[in-house]
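All values reported here derive from a predicted model rather than from experimental measurement.
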Amino acid sequence: MTASATPITKILIANRGEIACRVMRTAREMGIATVAVYSDADRNALHVRMADEAVHIGPSPAAESYLVIDKIIDAAKQTGADAVHPGYGFLSENPDFVRALDKAGITFIGPSAEAIEAMGLKDAAKALMAEAGVPVTPGYQGDNQDPKHLAKEAAKIGYPVLIKAVAGGGGKGMRKVERAEDFADALASCQREAQSSFGNDIVLIEKYITSPRHIEVQVFGDTHGNVVHMFERDCSLQRRHQKVIEEAPAPGMTEEVRTAMTSAAIKAAKAVNYVGAGTVEFIVDGSGPLRTDGFWFMEMNTRLQVEHPVTEEITGLDLVELQIRVAQGERLPKQNEITMTGHAIEARLYAEDPANDFLPKTGTLTKFRFYRLKHTNAAMRIDAGVEVGDAVSVNYDPMIAKIVCKAMDRDEAINGLSQALSNAAISGVMTNRNFLIKTLNINDFGNGLFSTSFLGDHLSKITENPLDPPNDVIAIAAIKLVDLANVKVQGKRHLAELSPFEDASAFRLNGRDGTTLLLNGPSGPIPVRLEPRKGGWLEPVKSGWKAIVDGQTYQYLYRNHTDDPNPDDRLVDITERFKTWSVEEENGTVTLRDKAAGREFSVSRYKAETGQSTSSSNAITAPMPGKVISVSVAPGDAVTEGQTLLVLEAMKMEMAMKAPRDGVVAEVSAEVGALVNDGDVLVALEDEA
């Protein structure tokens with residue numbers, strides 16, 4: 001690349017978390033100083049600790065900190081930053097932000113305000129793309145936003161249809177509608193979310209493609225009029241239109257289709273004189289082999305994408321470095337200089353509960369470590385915005401990290417990613433780790449037979465867990481819980497003198513030769529008798545344990561081999577099978593993972609109150625901390641089972657709270673705008689007659 005006469009010397013990253021850390025790493029390698037900005041919630045965040053300087057910009061809500069243009073510009077001026085990198089999300093696609101920076105004489109590391117505007121509104125972008133000769137999906141993107149008119153247009157297009165906010169992105173403001181009778185509710189929800197997220201509730205309607213795949217092309221433009229591509233990525237594995245697993249190149253891609261798709265992407269970028277990193281996204285007919293006439297323009301993201309690492313892995317390019325160099329006025333590599341090798345796949349690790357409708361979870365990471373891959377040629381990369389001790393906040397997106405594996409072929413890349421996730425030590429916050437592992441091991445995914453509905457179609461299979469943990473699981477959990485309840489011996493937590501005066505759990509002591517622990521079971525307490533195999537109480541690491549469950553005896557040893565990646569958390573079954581379990585504990589609950597069988601169980605101590613139901617069909621409670629954004633009922637209203645009573649917003653996601661049964665509202669405790677805590681009663685119904 002040609003050197004710039006005005007190199008960037010200090011970059012303010014107008015973002016947080018993983019992407020802020022990612023940009024800082026490249027800036028540091030280039031010898032460029034960095035500035036972090038942070039809200040109250042992020043005062044001790046990793047991106048703040050990594051930066052050369054950090055500036056506080058306000059309260060925790062993004063609308064009062066990360067989304068306030070004047071605060072970002074003031075921080076840049078205070079610190080002498082001559083450029084701003086927006087990351088993704090927040091202000092990354094806000095043309096007013098770009099113009100404000102330009103007015104302040106600060107370089108924006110991204111496209112022009114005009115390019116962002118041209119591609120930012122999906123209806124205008126589709127019209128522009130059609131004019132440029134880029135294929136677009138049939139639909140309605142007119143000015144008439146009357147709900148009745150939109151319903152008529154949806155009927156003309158034919159169900160299923162997709163309602164999309166014209167200013168949307170990241171899966172927000174998007175609803176698939178299967179039937180005409182569901183259209184009105186879906187439209188209202190979509191518009192409400194769009195207004196909240198983007199300040200614009202205008203929508204368009206598109207034909208929903210059956211068996212669609214989501215394939216996107218990474219493009220780059222420079223200030224010298226050059227536009228190139230870095231091949232394609234497949235991002236079809238999504239939940240709620242939010243990408244979960246991405247890979248490059250796209251499975252089943254042929255050179256003929258790749259040429260057609262990348263050519264269309266470059267046409268799209270040139271139509272708006274694009275400069276910087278961008279992604280042209282296509283909806284693709286996945287009902288059979290990929291075809292040159294089987295893809296349509298969906299949208300263009302005028303920023304760096306979350307999934308950009310898979311492109312970096314197959315091309316060997318640093319896309320953040322390219323962004324900075326383009327912003328300095330340097331030229332891009334020529335198209336024939338950009339090559340592709342191998343296959344890369346990325347999984348997004350979220351703090352969420354897949355079995356509970358992917359409800360976001362909060363907490364503090366007590367373990368967060370990935371170990372080197374064994375017996376594979378795959379290479380692993382971790383892009384994270386957290387470390388041990390960091391909190392996952394209710395205020396922001398719950399993504400913890402991106403785990404990327406590259407290999408010479410797709411099968412080895414998938415196996416490497418599965419191993420990386422399986423071996424990792426992660427605790428303190430519930431994650432979608434096991435969900436990802438199970439997904440990666442579904443045969444249809446391995447064979448490249450999937451669409452954007454893949455996760456929804458397989459959800460029950462992926463999230464299911466046996467109701468009754470088997471006895472060997474109960475035995476391991478009992479050993480781990482007893483160890484963690486007591487003192488450390490020789491640097492490790494092991495069973496020692498149990499004092500009935502200090503222990504408040506449901507232990508029953510039977511002298512120094514053993515103890516009985518009660519664990520939770522579906523139908524009540526499960527007693528587990530624990531005895532040392534050999535020696536005394538103080539030497540379980542050498543002697544192991546006997547655990548007797550339902551008359552069966554199980555014997556385990558702690559595994560302390562020096563090559564074991566996480567010996568403190570592993571127990572070995574000393575039967576002829578000699579199987580190792582990964583064991584993690586948090587707040588009295590033990591999670592056990594059997595990698596060989598792909599099983600995961602959570603087991604906790606039994607307490608007397610556990611057997612008493614605290615739930616009621618009369619009370620609707622908050623499933624997690626959040627903000628009330630709408631209330632649709634009042635005391636005295638008659639409601640039906642499944643009716644939406646109010647809507648909560650948490651971690652950039654809407655959650656509709658619905659009536660558990662038919663009844664009459666007795667009390668509404670929630671007000672619009674109120675912040676509620678996990679477990680707070682929001683609405684109460686009158687007692688059933």
Side-chain angles (χ1 to χ4, degrees), residues 8 10-30 32-39 41-42 45-55 57-58 62-63 65-69 71-73 75-76 79 81 83-98 100-101 106-111 113 116 120 169-172 197-198 218 220 242-243 246 275-279 300-309 311-312 318-324 326-327 346 348 383-386 393 395-402 651-652:
I8 292 169
K10 183 182 289 189
I11 297 173
L12 181 145
I13 297 91
N15 218 297
R16 63 176 300 281
E18 174 270 324
I19 186 58
C21 297
R22 162 74 187 90
V23 174
M24 288 176 193
R25 284 191 288 269
T26 288
R28 180 179 296 163
E29 291 172 1
M30 297 177 70
I32 299 173
T34 59
V35 179
V37 290
Y38 65 92
S39 68
D42 281 338
L46 179 59
H47 76 279
V48 176
R49 303 195 297 270
M50 283 183 63
D52 297 304
E53 300 175 71
V55 179
I57 55 171
S65 51
Y66 295 105
L67 289 172
V68 181
I69 293 174
K71 290 184 177 182
I72 302 296
I73 293 178
T79 56
V84 167
H85 194 298
Y88 45 72
F90 293 141
L91 295 171
S92 62
E93 294 180 282
N94 187 316
D96 293 336
F97 182 46
V98 180
L101 287 170
I106 300 169
T107 298
F108 178 70
I109 302 177
I116 294 174
K172 300 293 186 296
S197 299
F198 315 111
Q218 177 72 61
F220 245 99
Q242 179 68 61
K243 301 164 188 173
E246 306 104 341
V275 173
T279 304
M300 183 176 184
N301 286 307
T302 52
R303 54 172 167 79
L304 196 67
Q305 293 280 87
V306 177
E307 59 272 18
H308 76 274
T311 295
E312 293 183 323
D318 183 328
L319 299 192
V320 174
E321 179 182 351
L322 283 181
Q323 285 185 296
I324 295 170
V326 164
E346 170 185 295
R348 302 189 190 188
D383 282 14
V386 292
S393 167
N395 296 288
Y396 312 112
D397 187 274
M399 189 176 76
I400 297 173
K402 301 180 302 195
M651 289 183 168
K652 298 168 67 176

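Under a 4.0 Å N-O distance rule, the pair Arg348/Glu307 qualifies as a salt bridge.
Aromatic ring pairs are classed by plane angle as parallel below 30°, tilted from 30° to 60° and perpendicular above 60°; the pair Phe97 and Phe108 is perpendicular.
Residues forming a salt bridge (charged side-chain N to carboxylate O under 4.0 Å, His left out) with Glu312 (at least two apart in sequence, or on another chain): Arg22, Arg381. Remark: Glu53 engages Lys10, Val35, Thr79 in a side-chain contact (heavy atoms from CB on, under 4.5 Å) (not counting sequence neighbours).
With hydrogens and angles ignored, the 3.5 Å screen pairs no side-chain donor or acceptor of Gln218 with any backbone N or O of Thr279. Judged purely by atom type and a 3.5 angstrom limit, Arg25 has no side-chain atom pairing as donor or acceptor with the backbone of Asp383. Checking side-chain atoms of His308 against main-chain N and O of Ala277 turns up no donor-acceptor pair under 3.5 Å.
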Review point. So Thr26 and Asp318, side chain to side chain donor-acceptor pair (under 3.5 Å) or not? Walk me through it.
Key: CA-CA 8 Å; Thr26 288; Asp318 183 328; 2.8 Å; yes

Exercise for review: Determine, step by step, whether His85 and Gln323 satisfy the side chain to side chain donor-acceptor pair (under 3.5 Å) criterion, reporting the C-alpha distance in whole Å, the side-chain angles of both residues, the deciding distance to 0.1 Å, and the verdict.
Suggested key: CA-CA 9 Å; His85 194 298; Gln323 285 185 296; 2.7 Å; yes

Exercise for review: Please test Ile57 against Val68 for side-chain contact (heavy atoms from CB on, under 4.5 Å), starting from the C-alpha separation and ending with a verdict.
Suggested key: CA-CA 9 Å; Ile57 55 171; Val68 181; over 6 Å; no

Practice item. Would you check, one step at a time, whether the test side-chain contact (heavy atoms from CB on, under 4.5 Å) holds for Lys71 with Val37? Key: CA-CA 9 Å; Lys71 290 184 177 182; Val37 290; over 6 Å; no

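What you find for Ala62 and Phe90 is that their closest heavy atoms are CB-CE2, 3.7 Å. The minimum heavy-atom distance between Ala36 and Met24, with the atom names listed, is CB-CE, 3.7 Å.
Here the straight-line distance linking atom OG1 of Thr107 with atom CD1 of Ile109 works out to 7.5 Å at 0.5 Å rounding. With values rounded to the nearest 0.5 angstrom, Asp42 atom CG is found 7.0 Å from Ser393 atom OG. For the atom pair CD1 of Ile116 and CG of Asn301, the computed distance is 11.5 Å after rounding to the nearest 0.5 Å. The line from CG of Leu91 to CG of Asn15 is 8.5 Å long, rounded to the nearest 0.5 Å.
Here the two rings, on Tyr38 and Tyr66, have centers that are 6.0 Å apart or farther.
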